[in-house]
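Take a look at the structure below.
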2 protein chains.
Amino acid sequence: MNSEITIKRSDCLQCRMRDQSIFAGLDTEELCSLGMEVQDIHCRHGDVLYRMREPARYAYTLRNGAVKLVSSLESGQEVIVRLLHHGDLLGFEGMQGECHRHSAIVLAPSQLCRLDLAELQRLSERLPKVREAILQRWQDALQKSEERIIELGAKRAEARLATFLLQWAQRYPQLRSLPFPLTRTDIAAFLGLSTEHVSRIMADFKRQALIQEQGGQLEILKPQSLAHIAGMPDEHKPD
Amino acid sequence: MNSEITIKRSDCLQCRMRDQSIFAGLDTEELCSLGMEVQDIHCRHGDVLYRMREPARYAYTLRNGAVKLVSSLESGQEVIVRLLHHGDLLGFEGMQGECHRHSAIVLAPSQLCRLDLAELQRLSERLPKVREAILQRWQDALQKSEERIIELGAKRAEARLATFLLQWAQRYPQLRSLPFPLTRTDIAAFLGLSTEHVSRIMADFKRQALIQEQGGQLEILKPQSLAHIAGMPDEHKPD
DNA sequence: AGTCAAAATTGATTTTTCTCAATGCCGCTC
DNA sequence: GAGCGGCATTGAGAAAAATCAATTTTGACT
């Protein structure tokens with residue numbers, strides 16, 4: 001099957017996400033003077049943005065949709081290293097001229113901006129604001145990554161899943177019903193569990209009316225209860 | 001019990017680790033002109049360099065010894081988020097003016113350089129080389145952190161422990177007998193296992209003569225076999 | 001050498017999670 | 001609307017890991 005990825009020239013000035021991007025803080029004039037070719041990419045479920053071990057040419061900003069970063073082991077087993085939502089960056093590990101450390105696979109219809117890494121490198125040397133924005137993203141990624149180590153190391157399956165659902169919901173703050181394009185196998189690959197185990201716990205949560213699902217949409221009915229199962233400190237609990 | 005930490009002024013010019021530090025690449029003149037107060041810290045088992053949630057004032061370079069970064073959950077459970085060896089950096093999460101995300105606890109007699117974060121911040125704005133060195137460290141930390149997610153998510157206890165022992169050994173390349181100041185509980189907190197389970201597997205490894213232990217020293221007798229248990233791809237296997 | 005406390009080991013048992021296998025459900029195409 | 005394929009669900013049994021409860025070993029200090 002052919003990839004359905006379409007590419008065209010993007011206009012950063014019109015971008016809805018401009019103030020959340022790594023170019024936030026630049027005024028219109030600076031933005032125009034970047035001379036940077038930014039491509040607008042549209043793709044859908046199953047499309048592959050890049051593959052693990054490929055030399056990295058581009059970095060991406062996810063404007064809309066969802067993407068998983070997957071690492072495949074020799075055993076054939078796959079682990080989801082990160083899940084990305086609107087506003088997240090991917091492919092930046094190539095900034096030091098390295099290969100991609102994961103494969104990037106699209107989960108839901110998505111729009112991304114594609115940036116040439118070499119150009120971005122030059123840009124970040126020239127513009128402190130861009131550089132800081134990128135450093136900040138690195139830092140956030142490390143923090144989240146360490147939080148996941150704690151989840152995986154310290155919590156049991158139920159708690160991990162509850163945490164995961166709440167964190168997913170946090171990315172769609174004003175929505176009652178959330179887009180949820182993950183299969184049980186995806187969730188399992190993210191949480192370090194078997195597909196069946198995830199399915200059982202999800203079914204349990206549904207029977208307890210903590211959550212509700214239909215047609216790729218998820219609704220969190222009792223965030224408090226989930227937070228309790230997740231073993232969260234009060235400060236991080238949802239309303 | 002009082003902390004046994006001693007602090008004095010450090011002389012960077014004489015430092016053995018100068019070319020591996022974040023000041024590597026600076027010539028002697030540049031180094032002298034930094035005007036940076038660097039403190040030389042000596043401490044030993046059990047000393048606390050900083051605590052989780054404390055506002056961050058200093059960053060550290062570990063010149064010698066070993067340090068664990070610990071995150072404590074409300075349950076009282078502790079997870080070791082990172083283990084640090086000679087050459088590693090710690091406390092840099094404070095560069096964006098945040099609090100420490102872990103507690104830093106000394107495992108073995110250690111020497112560190114302590115840098116004022118505010119000064120370091122200014123320095124990195126002025127010197128591209130320092131800035132790049134720090135970014136590189138962030139990147140390395142993220143990569144290692146993601147590798148641990150994969151370990152925790154995909155491997156069983158035996159394999160995790162085997163990987164861990166081999167990676168520990170990699171930090172002391174030319175030594176047959178390695179310093180190994182971790183308790184079974186420490187290893188368990190790093191690998192997301194119970195103390196007893198770690199103890200059993202370590203005892204197994206010893207019975208199979210894969211490793212040997214005495215007085216805080218560890219010897220890897222059969223790296224190949226461990227690598228096999230670890231499920232490593234050939235490229236990463238030790239000799 | 002003797003004492004003590006912390007750490008490691010071991011065993012028995014329970015809980016958690018995985019694996020394998022079967023079945024049910026839903027959305028698609030023809 | 002029948003048939004198909006990918007997911008989800010469920011059950012049963014096996015394996016992995018945790019927990020609880022003793023001991024034993026070790027190392028530090030006297």
Side-chain angles (χ1 to χ4, degrees), chain A residues 1 44-46 68 73 75-79 105 107-109 151-162 164-165 180-208 211-218 229 231, chain B residues 1 4 44-46 68 73 75-80 105 107-109 151-162 164-165 179-208 211-218 229-231:
Chain A
M1 206 234 294
R44 49 185 222 190
H45 178 83
K68 61 178 174 182
L73 310 192
S75 63
Q77 207 174 164
E78 302 206 324
V79 178
I105 298 171
L107 291 168
E151 286 287 309
L152 292 172
K155 292 188 180 174
R156 292 191 295 103
E158 266 204 336
R160 277 186 236 170
L161 185 51
F164 167 70
L165 293 173
F180 194 69
L182 299 176
T183 66
R184 301 293 185 252
T185 302
D186 283 330
I187 304 173
F190 188 77
L191 298 179
L193 300 168
S194 69
T195 304
E196 295 92 334
H197 201 184
V198 169
S199 178
R200 269 182 254 271
I201 300 171
M202 286 290 280
D204 257 19
F205 283 176
K206 282 196 224 169
R207 276 187 284 266
Q208 294 174 53
I211 62 172
Q212 193 177 329
E213 248 187 326
Q214 68 218 315
Q217 297 282 116
L218 174 75
I229 292 170
Chain B
M1 207 234 294
E4 303 295 331
R44 50 184 223 191
H45 177 83
K68 62 178 173 181
L73 310 191
S75 63
Q77 207 173 166
E78 302 206 323
V79 178
I80 296 182
I105 298 171
L107 291 168
E151 287 286 310
L152 293 173
K155 291 189 183 175
R156 293 190 295 102
E158 267 204 336
R160 277 185 237 169
L161 184 51
F164 167 69
L165 293 173
F180 194 70
L182 300 175
T183 66
R184 301 292 185 253
T185 302
D186 283 330
I187 304 173
F190 188 77
L191 298 179
L193 301 168
S194 69
T195 304
E196 295 92 332
H197 201 184
V198 169
S199 177
R200 270 182 253 271
I201 300 171
M202 285 291 279
D204 258 18
F205 284 176
K206 282 195 224 171
R207 276 187 284 266
Q208 294 175 52
I211 61 173
Q212 194 177 326
E213 247 186 328
Q214 68 217 317
Q217 296 283 114
L218 173 75
I229 292 170

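The model shown is predicted, which means the values in this text are computed figures rather than measured ones. Letters A, B, ... mirror the listed sequences (proteins, then strands); counts begin at 1. Computed over heavy atoms, backbone and side chain alike; hydrogens, waters and symmetry mates excluded.
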How about Thr195(B) and Val198(B): do any of their side-chain heavy atoms sit closer than 4.5 Å?
-> no
Close N/O contacts between protein and nucleotides 10-13 of chain D (under 3.5 Å):
{"unit_1": "dT10(D)", "atom_1": "OP1", "unit_2": "Arg207(A)", "atom_2": "NH1", "d": "3.2"}
{"unit_1": "dT10(D)", "atom_1": "OP2", "unit_2": "Arg207(A)", "atom_2": "NH1", "d": "3.0"}
{"unit_1": "dG11(D)", "atom_1": "N7", "unit_2": "Arg200(A)", "atom_2": "NH1", "d": "2.9"}
{"unit_1": "dG11(D)", "atom_1": "O6", "unit_2": "Arg200(A)", "atom_2": "NH2", "d": "3.2"}
{"unit_1": "dA12(D)", "atom_1": "N6", "unit_2": "Arg200(A)", "atom_2": "NH2", "d": "3.4"}

For Asp186(B) and Thr183(B), indicate whether the former's side chain and the latter's backbone hold a donor-acceptor pair under 3.5 Å.
-> yes
Is Gly215(A) touching bases, backbone alone, or none of the nucleic acid, heavy atoms closer than 4.0 Å?
-> nothing
Distance col, row Ile201(A):CD1 vs Leu165(A):CG, nearest 0.5 angstrom, shows 10.0 Å
Taking atom C1' of dT9(D) as reference, at what distance in whole Å does atom CD1 of Ile211(A) sit?
-> 14 Å
Test item: His45(A) side-chain N/O and Leu107(A) main-chain N/O as donor-acceptor pair under 3.5 Å | yes
Using a cut-off of 4.0 Å on non-hydrogen atoms, how would the nucleic acid contact of Gly192(B) be classed: base, sugar-phosphate, or nothing?
-> sugar-phosphate
Report yes if the side chains of Lys68(A) and Leu182(A) come closer than 4.5 Å at any heavy-atom pair, otherwise no.
-> no
For atom CG of Leu191(B) and atom P of dA18(D), their distance in whole Å | 10 Å
Can you name the nearest heavy-atom pair linking Glu158(B) to Phe205(B), along with the distance?
-> O-CZ, 3.9 Å
Euclidean distance, atom CG of residue Leu193(A) to atom P of dA16(D) [Å, nearest integer] = 17 Å
Output yes when at least one side-chain N/O atom of Lys206(A) is less than 4.0 Å from OP1 or OP2 of dA8(D), else no.
-> no
Along DNA chain C, first and last positions that approach a heavy atom of chain B under 4.0 Å = dA8(C) to dA12(C)
Below 4.5 Å, heavy atoms only, C-beta onward: do Glu151(B) and Leu152(A) meet side chain to side chain?
-> no
Please round to the nearest 0.5 Å and tell me the distance separating atom NZ of Lys206(A) and atom CG of Leu218(A).
-> 9.0 Å
Among dA8(D), dA16(D), dA18(D), the one nearest any side-chain atom of Arg156(B) is dA16(D)
Report the distance from atom CZ of Arg184(B) to atom P of dA17(D), rounded to the nearest whole Å.
-> 17 Å
For residues Glu78(B) and Leu73(B), determine if any side-chain heavy atom of one lies less than 4.5 Å from a side-chain heavy atom of the other.
-> no
NA contact type, Thr183(B), heavy-atom cut-off 4.0 Å: base, sugar-phosphate, or nothing?
-> sugar-phosphate
